[in-house]
Every structure is written in structure tokens, then in C-alpha cells.
Peer 1: 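Below you'll find the structure I mean.
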Amino acid sequence: MKKIVILLLVVVLVAGAWTAGWLYAAGEVRTTIAALGGGDPDRSMTCEELEISGYPFRIDVDCAGATLVEGDVTTTLAALRGSVLVYNPTHAIFSARAPATFADAFTGSRSRLDFASAQASVRLRTENPLAALQGEDVRLERASLAATGVAWVDTLAAELPLASADELELHLLDVPEQHDPEQGLTALAAYATASGVDAPGIAIADAETSLEAELSGVPDQLSELTAPDLLQRWQQANGQLRLFGLKGTAAEDFIEATGTLTLDDAARPEGQVKIASRGVIERLGDLVPPEWQGLVLGSPADDGSYSQTLTLRGGIVLSGLIPVASLPPLL
């Protein structure tokens with residue numbers, strides 16, 4: 001009998017400790033979100049209604065009427081939800097409910113993003129869980145976004161459809177082979193695909209697009225990826241943006257681009273981009289002056305395709321051997 005009583009007492013104590021821990025964690029989350037709404041007027045996040053649930057094994061955060069301010073741009077979402085397992089806090093799942101609206105106070109532009117569904121996940125990596133609680137020793141392992149029924153509409157003067165896609169996927173992954181813990185640097189690989197793409201302004205219908213790229217020489221700590229001097233640190237680390245493939249196809253027409261870009265000692269873009277296409281010039285129409293179309297896309301081959309090499313060197317953009325533009329330092 002005593003053993004049963006002791007066992008029940010242990011269960012009650014463990015359950016009480018777990019409950020207290022969950023309530024503490026939920027309170028910290030609520031305090032953190034509340035802090036995002038004050039302080040810096042140029043960077044904030046607020047919720048019309050905030051609810052935290054998921055006891056006992058999850059922490060679910062539901063933010064209805066979310067408003068995010070980043071400089072001159074204000075973004076609103078009908079609802080935003082985040083969820084994390086208490087025993088696996090380095091993996092978070094997010095979802096959103098349409099619409100999302102964007103207003104730029106500087107340019108005056110306004111637009112809306114509609115979608116049938118939108119889900120994202122973020123997985124983090126840490127070697128020291130205790131330090132991670134203080135925001136230290138936390139690296140990005142993977143971030144993904146998947147959306148369906150996406151439609152982007154300009155709403156400044158009237159409802160003007162800009163682009164839409166049946167399905168959209170974005171992935172950002174850490175490249176462990178390029179992690180340099182001594183320098184505190186790593187590389188991030190980016191993959192993106194979109195299907196059923198329509199863009200009425202340039203006569204694109206039911207197109208497919210994909211992107212594969214890699215950015216090396218970036219800080220390995222998650223907290224440093226939004227640092228104001230990130231570009232300067234990337235330059236000092238001799239970072240590279242390698243474009244393995246940017247592709248778009250619509251029926252028989254296509255465009256492909258590959259290349260490598262970096263910053264020189266004067267912080268000017270430097271590198272080379274190769275472009276191959278067919279049917280793009282015809283779709284551009286008057287959007288790009290005719291004299292620029294050939295410089296950017298090249299001259300036609302016998303099969304109707306175009307190819308061009310753009311070289312960036314010393315602040316000058318060369319189309320083949322012809323200088324066509326100058327670029328200012330980015331720092």
C-alpha cells in the first residue's frame with residue numbers, strides 16, 4: 001500500500017513540476033512576443049489577439065491579426081500560428097491564414113498576397129542546449145516554406161493581378177561540409193520551385209521555375225544573420241554567391257542563368273553571369289528598350305535561342321566586351 005502511495009506522490013510531483021515548467025515557458029513566450037510590439041517603432045510585431053495553448057507536450061502560439069513593421073514596410077496577416085514540441089524545442093512549425101497585405105510608406109505601393117495554404121518549418125542546431133536558452137550557439141539547420149494557390153495583386157489603384165502560382169516551395173539549408181567553427185562561418189544552400197506560374201504583364205502562363213544557389217562565407221550563428229554589418233562581414237570573409245541554376249520554362253520558351261558573384265575590395269559586385277533564353281525578348285515587348293534587350297540577352301542563334309555573358313568587374317558591367325553600365329559600391 002505504501003508503495004502505491006509513494007508512486008502516486010511521485011506522479012503528482014512530476015506532473016506538478018511539468019505543469020509549472022510549461023506555464024513558465026508559455027509565460028516567457030508571451031513576454032517575448034509582447035516585447036516585439038514595443039521599443040523600436042521601425043521594427044515590431046503585434047497581435048490583435050494572442051493565445052498560447054498546447055499543454056502538456058506542445059506550445060502553440062496563435063496570433064490573430066498579426067502586424068509586422070520593418071522600416072517603411074508594414075505587413076499584415078489574417079492569422080499566424082507557431083508550434084513547438086516541449087521535448088524538441090529546436091524544431092518549430094508555422095502556418096498562416098490569408099490574406100497578407102503590404103504597404104510601403106516610402107514608395108506608396110500597396111499589394112496583397114492571397115494563398116490557399118502556407119506552412120513553414122525551421123530546424124535549428126546547437127551543441128550546447130544551456131547556451132541556446134540564452135540565444136547563443138544556435139545555428140540554422142533548415143528552413144522551409146510551402147504554399148499553394150498563391151496570387152499576388154497590386155491594390156494601389158485597383159485590383160491588378162501581378163503573378164500567381166499553383167504551388168511554391170522554398171528551402172534554405174546549412175552546408176555542414178563548409179562549416180568553419182574557428183572562423184564562425186558557414187554556407188547556406190537555397191532551393192526553390194514554383195509550378196503553374198502566371199504573369200499576365202509579360203504574357204506568361206502555366207510556367208515552371210526553379211532556383212539552386214549557394215551563399216558561402218556567412219556567419220554560422222543564427223543571431224548574427226540579421227546583423228546590420230552582415231554585408232561587410234560577408235565581403236571580409238570573401239563570401240561568394242554561386243548561382244547553379246535559375247530556370248524558367250513556359251511551353252517552348254525558356255530562360256536559364258548561372259554564375260558566381262562576390263564583392264571586390266571596394267565593395268562592388270564582381271563576377272560573371274551566363275544567360276541562355278528563347279522567347280524572352282518577344283515577351284518583354286516594350287518593357288525593356290530594344291537597344292538593351294540584345295545587350296542583356298545576346299543575339300539570336302539559328303534555332304531562335306539567345307545567349308549572353310555578363311561580366312562585372314571594377315564597378316563596370318560588360319556585355320561580352322561592351323561596357324553597358326556602372327555599379328556603385330554596396331557599402
Side-chain angles (χ1 to χ4, degrees), residues 23-55 58-85 89-124 135 138 140 142-165 167-172 192 194 222-228 230:
L23 291 173
Y24 173 79
E28 288 295 299
V29 170
R30 184 179 293 275
T31 299
T32 300
I33 294 175
L36 295 176
D40 189 351
D42 294 326
R43 177 175 292 181
S44 65
M45 173 181 171
T46 58
C47 305
E48 292 181 1
E49 297 181 11
L50 178 63
E51 181 180 349
I52 299 179
S53 59
Y55 176 83
R58 300 192 318 272
I59 293 181
D60 298 329
V61 180
D62 289 282
C63 175
T67 300
L68 297 86
V69 177
E70 182 67 35
D72 294 320
V73 179
T74 299
T75 303
T76 65
L77 270 168
L80 183 63
R81 178 183 175 88
S83 182
V84 63
L85 293 171
T90 59
H91 185 202
I93 305 294
F94 301 91
S95 61
R97 190 170 74 240
T101 64
F102 307 91
D104 191 322
F106 181 75
T107 64
S109 64
R110 293 180 178 274
S111 60
R112 186 183 72 245
L113 189 67
D114 297 320
F115 48 87
S117 65
Q119 294 186 334
S121 68
V122 176
R123 189 182 296 275
L124 306 177
V138 179
L140 176 67
R142 183 188 185 107
S144 300
L145 169 67
T148 62
V150 181
W152 182 25
V153 181
D154 188 319
T155 60
L156 180 60
E159 296 277 322
L160 178 62
L162 299 176
S164 63
E167 295 183 352
L168 175 68
E169 285 192 25
L170 303 171
H171 303 279
L172 188 64
L222 180 67
S223 60
E224 297 178 5
L225 292 179
T226 57
L230 180 61

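Predicted model, so just to flag it, every value in this text is computed and none were measured. For the single chain, residues carry numbers from 1 onward in sequence order.
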Peer 1: L77 and R97: which non-hydrogen atoms are nearest, and at how many Å?
Peer 2: CD2-O, 4.0 Å
Peer 1: Would you give the length of the straight line joining atom CZ of R43 to atom CG of L68, rounded to the nearest 0.5 angstrom?
Peer 2: 11.0 Å
Peer 1: Side-chain donor-acceptor pair under 3.5 Å between S121 and R123, yes or no?
Peer 2: no
Peer 1: Could I get the full list of side chain to side chain donor-acceptor pair (under 3.5 Å) partners for S117, not counting sequence neighbours?
Peer 2: T148
Peer 1: Does the side chain of V122 reach to within under 4.5 Å of the side chain of L140, using non-hydrogen atoms?
Peer 2: yes
Peer 1: Hey, what do you get for OG (S144) to CD1 (I93), rounding to the nearest 0.5 Å?
Peer 2: 9.0 Å
Peer 1: If I compare all heavy atoms of M45 with all of L80, which pair ends up nearest, and what's the gap?
Peer 2: CE-CD2, 3.9 Å
Peer 1: Can you pull out every side-chain hydrogen bond (donor to acceptor under 3.5 Å, both in side chains) where at least one residue sits in residues 23-33? Sequence neighbours excluded, please.
Peer 2: none
Peer 1: Which residues pass the salt bridge (charged side-chain N to carboxylate O under 4.0 Å, His left out) test with E167, not counting sequence neighbours?
Peer 2: none
Peer 1: Mind listing the closest non-hydrogen atom pair of A98 and A78 along with its distance?
Peer 2: O-CB, 3.2 Å
Peer 1: Would you call S109 and L156 a side-chain contact if the rule is heavy atoms closer than 4.5 Å?
Peer 2: no
Peer 1: Distance check, rounded to the nearest 0.5 Å: H171 atom NE2 versus L145 atom CG?
Peer 2: 8.5 Å
Peer 1: Please list all pairs meeting side-chain hydrogen bond (donor to acceptor under 3.5 Å, both in side chains) that have one or both residues in residues 151-164, counting only residues at least two apart or in different chains.
Peer 2: S111-W152, R112-E159
Peer 1: Using the side chain to side chain donor-acceptor pair (under 3.5 Å) criterion, which residues pair with T67? Sequence neighbours excluded.
Peer 2: none
Peer 1: Using the test salt bridge (charged side-chain N to carboxylate O under 4.0 Å, His left out), find all partners of R58 that sit at least two apart in sequence or belong to another chain.
Peer 2: D60
Peer 1: Quick check: closest heavy atoms across C63 and T46, and the distance to 0.1 Å?
Peer 2: SG-O, 4.1 Å
Peer 1: Please indicate whether R81 has more than 12 foreign heavy atoms, meaning atoms of other residues, nucleotides or ligands, lying under 6.0 Å from its CZ.
Peer 2: yes
Peer 1: So which atom in V84 and which in P89 form the shortest heavy-atom distance, rounded to 0.1 Å?
Peer 2: CG2-CA, 3.5 Å
Peer 1: So with a 6.0 Å cut-off around CD of Q119, is the heavy-atom count from everything else above 12?
Peer 2: no
Peer 1: What closest approach, in Å, do A26 and I52 show between heavy atoms, and which atom pair accounts for it?
Peer 2: O-CD1, 3.4 Å
